[in-house]
Protein chains: 2
Amino acid sequence: MREGPDIARIAALIGDPARANILTALLSGKALTATELAAEAGVTAQTASTHLARLAEGGLIETRRQGRHKYVTLASEEVAAVLEALTGLAAGQGHLRTRTGPKDAELRRARVCYNHLAGDMGVRLFESMAARRLLEVRPDGVTLAPAGQDFVSAFGIDLAALRSHRTPLCLPCLDWSERRSHLAGSLGRAMLTRMQELGWLRRAEGRLIRVTARGETDFARAFPV
Amino acid sequence: MREGPDIARIAALIGDPARANILTALLSGKALTATELAAEAGVTAQTASTHLARLAEGGLIETRRQGRHKYVTLASEEVAAVLEALTGLAAGQGHLRTRTGPKDAELRRARVCYNHLAGDMGVRLFESMAARRLLEVRPDGVTLAPAGQDFVSAFGIDLAALRSHRTPLCLPCLDWSERRSHLAGSLGRAMLTRMQELGWLRRAEGRLIRVTARGETDFARAFPV
DNA sequence: CTCATCCTTCGACCTCCATCGAAGCATCCG
DNA sequence: CGGATGCTTCGATGGAGGTCGAAGGATGAG
């Protein structure tokens, strides 16, 4: 018997293939219904129901009832961090469950990581803003510099509204495909949705993102390397 | 059936209490023998043997035979990162396996995280060096600045010897107790052992570290905030 | 060589739990 | 009010795997 937090309890929850599929699907940040998750995990609605009950009791997901639907999201960014760390370790071992299809290349390029932009594009955005001193990167975290506030507002984001939330504005998030940081936090979320508004990106199935032709050129101009 | 890395396989390995105990014990960075780990996990030698075989086959640990002893270490820093992330999540939920003894406060103060200094002291060291520009902290990683090279050499560390290893020199590592970064990588390891040579620290049982009186004052002088 | 220590393999037991069929609620629609 | 959809609970089944006793190598000590 050792002291310390009970990591086995949490790891065992993630350790079932059906539940791991559910959690991975939720990494997209979208709130999914129970039946959608059942299909995603490849099990019937009954088994998915018991899995969701377990995950909720274990504090990994949060559920919210709306009419006769049950919407499910990850409970916190920390849960997402654990999942990304696990994904990174599994990917590093080269143990893929199925052979890597053409989707994987797209997934490495641009994808959604708990509601913010990840992959190659996410890293480019983060590093471009850091290099131009729009973001202050310090060991204890990332903050938005004064010049960055002007930049972000000009980009079409309502900073005051973001600050009214309790969630932190800027957070770094380590990428499993690029092994470099990208921008998380409420600002990361807002920038992703803003890019969709601008018609730069379109969400495909799962956490995949498709970049439009205009998005390609405008992104390169707005976030030079 | 989803694409992507197989995180369930790894999570299931961590998800057994006995194996989780073994892995947590290995977070100290020390190479432990199979029987020591069996005692640590609270199981007999036979069951520990099968667990170790599974963990090795899953790529989480590495073993090395020396005489009739079998020494076990974690396979990589990435494995340690996953374990620390899980520990952080579990600690955040307040789900402790046993009640927090007086040891916990000491553990938060100074401990060993896969062979480098973590806890409050680890964070202080990292931030002191970053503030004095001895470390260059950038979004894609941490490097040792020229001034930092002189500092580290004066501290009594053979940089050339460290560079000859394949492992990276500097790595940031997120702390579960402090939620801030501290210094990992081969330099982090070297600094920990150097502090032990200087008589600043003494290793207690597990991953706990005791700070000597001289270490207290000398550390504050060498790494001011 | 002989004994002790460390570790592994084998076999048997037993518990846990993922899964699905069937039925039961709750909600929305017409 | 029915009928349909989304979700949950119950019960039975089956399989996976954690556990330990017993026995068998392998290594080192005397």
Side-chain angles (χ1 to χ4, degrees), chain A residues 1-2 6-26 30-75 95 97, chain B residues 1-2 6-26 30-73 95 97:
Chain A
M1 305 297 136
R2 318 192 78 258
D6 189 358
I7 73 171
R9 203 181 115 267
I10 295 177
L13 280 176
I14 312 176
D16 176 74
R19 285 195 294 261
N21 283 337
I22 289 174
L23 292 170
T24 305
L26 289 173
K30 284 210 308 205
L32 300 173
T33 68
T35 39
E36 285 172 326
L37 289 171
E40 199 69 48
V43 293
T44 62
Q46 306 97 302
T47 53
S49 180
T50 64
H51 284 314
L52 290 177
R54 277 184 115 80
L55 289 172
E57 197 231 6
L60 296 187
I61 62 173
E62 267 169 10
T63 63
R64 157 176 105 244
R65 274 231 305 278
Q66 203 159 347
R68 56 182 164 180
H69 294 273
K70 176 183 196 170
Y71 285 98
V72 182
T73 55
L74 292 185
H95 261 272
R97 200 149 5 151
Chain B
M1 304 299 135
R2 318 193 77 254
D6 190 359
I7 74 172
R9 203 180 116 268
I10 294 177
L13 280 176
I14 310 176
D16 175 74
R19 286 194 293 260
N21 283 338
I22 288 173
L23 291 170
T24 305
L26 290 173
K30 283 210 310 206
L32 299 173
T33 68
T35 39
E36 285 172 325
L37 290 171
E40 201 67 50
V43 293
T44 61
Q46 306 96 298
T47 53
S49 180
T50 65
H51 283 315
L52 291 177
R54 275 184 114 82
L55 288 172
E57 198 231 6
L60 295 187
I61 62 173
E62 267 169 9
T63 63
R64 155 175 107 246
R65 275 233 303 279
Q66 204 161 345
R68 54 182 165 180
H69 294 274
K70 176 184 196 171
Y71 284 99
V72 182
T73 55
H95 260 273
R97 202 151 0 155

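In what follows, chains carry the letters A, B, and so on, assigned in the order in which the sequence lines appear, proteins first and then strands, with residues in each chain numbered from 1.
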Could you tell me whether a side-chain N or O of [X] sits under 3.5 Å from a main-chain N or O of [Y], the two making a donor and an acceptor?
{"X": "A:Arg19", "Y": "A:Leu13", "value": "yes"}
{"X": "A:Thr47", "Y": "A:Val43", "value": "no"}
{"X": "A:Ser49", "Y": "A:Ala45", "value": "no"}

Helix axis bend for the helix from C:dC7-D:dG24 to C:dG30-D:dC1 - C1'-based end axes, five pairs, 10° rounding: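 The angle separating the two end axes equals 30°.
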For B:Leu37 and C:dT8, give me the distance from atom CG to atom P, rounded to whole Å.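 Checked: the CG to P distance equals 11 Å.
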For B:Leu52 and C:dC6, give me the distance from atom CG to atom C1', rounded to whole Å.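 Between C1' of C:dC6 and CG of B:Leu52: 13 Å.
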Under 4.0 angstrom, heavy atoms only, what part of the nucleic acid is A:Ala18 near: base, sugar-phosphate, or nothing?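 Here A:Ala18 touches the backbone only, sparing every base.
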Determine the contact category for B:Ala34: base if any of its heavy atoms lies under 4.0 Å from a base atom, sugar-phosphate if only primed atoms, P, OP1 or OP2 are that close, otherwise nothing.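 Sugar-phosphate, no base atom in range.
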Any side-chain heavy-atom pair from B:Ile22 and B:Thr24 closer than 4.5 angstrom?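 SC-SC contact between B:Ile22 and B:Thr24 ruled out.
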Over all atoms of both residues, closest heavy-atom pair of A:Ala41 and A:Ala18: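 Taking every non-hydrogen atom into account, CB-O, 3.6 Å.
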Minimum heavy-atom distance between B:Ala48 and B:Ala38, given as atom pair plus value: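 Scanning both residues, the minimum pair turns out to be CB-CB, 3.6 Å.
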Residues in side chain to side chain donor-acceptor pair (under 3.5 Å) contact with [X], at least two apart in sequence or another chain:
{"X": "A:Thr50", "answer": "none"}
{"X": "B:Thr35", "answer": "B:Thr33"}
{"X": "B:Glu62", "answer": "none"}

Sugar-phosphate or base contact per nucleotide [nucleotides 20-30 of chain C; S, B, -; heavy atom under 4.0 Å]: BBB----BB--
Per-nt protein contacts along nucleotides 11-17 of chain C (heavy atom under 4.0 Å; B base, S backbone sugar-phosphate only, - none) come out as ------S
How would you list, by chain and number, every residue that makes a side chain to side chain contact (heavy atoms under 4.5 Å, CB included) with A:Arg68, sequence neighbours excluded?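 Once residues adjacent in sequence are excluded, A:Arg68 has no partner under the side chain to side chain contact (heavy atoms under 4.5 Å, CB included) criterion.
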Would you give the length of the straight line joining atom CZ of B:Arg54 to atom NE2 of B:His51, rounded to the nearest 0.5 angstrom?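 Answer rounded to 0.5 Å: 8.5 Å.
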Once you round to the nearest 0.5 Å, how far does CD of A:Glu36 lie from NE2 of A:His69?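 Rounded to the nearest 0.5 Å, the CD-NE2 separation comes to 9.0 Å.
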Extract, from 5' to 3' on DNA chain D, the first and final nucleotides lying under 4.0 angstrom from some heavy atom of chain A.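 The footprint of chain A covers D:dA4 to D:dT9.
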Pick one: which of A:Thr73, A:Asn21, A:Leu60, A:Leu74 meets side-chain contact (heavy atoms from CB on, under 4.5 Å) with A:Leu26?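 That would be A:Leu74.
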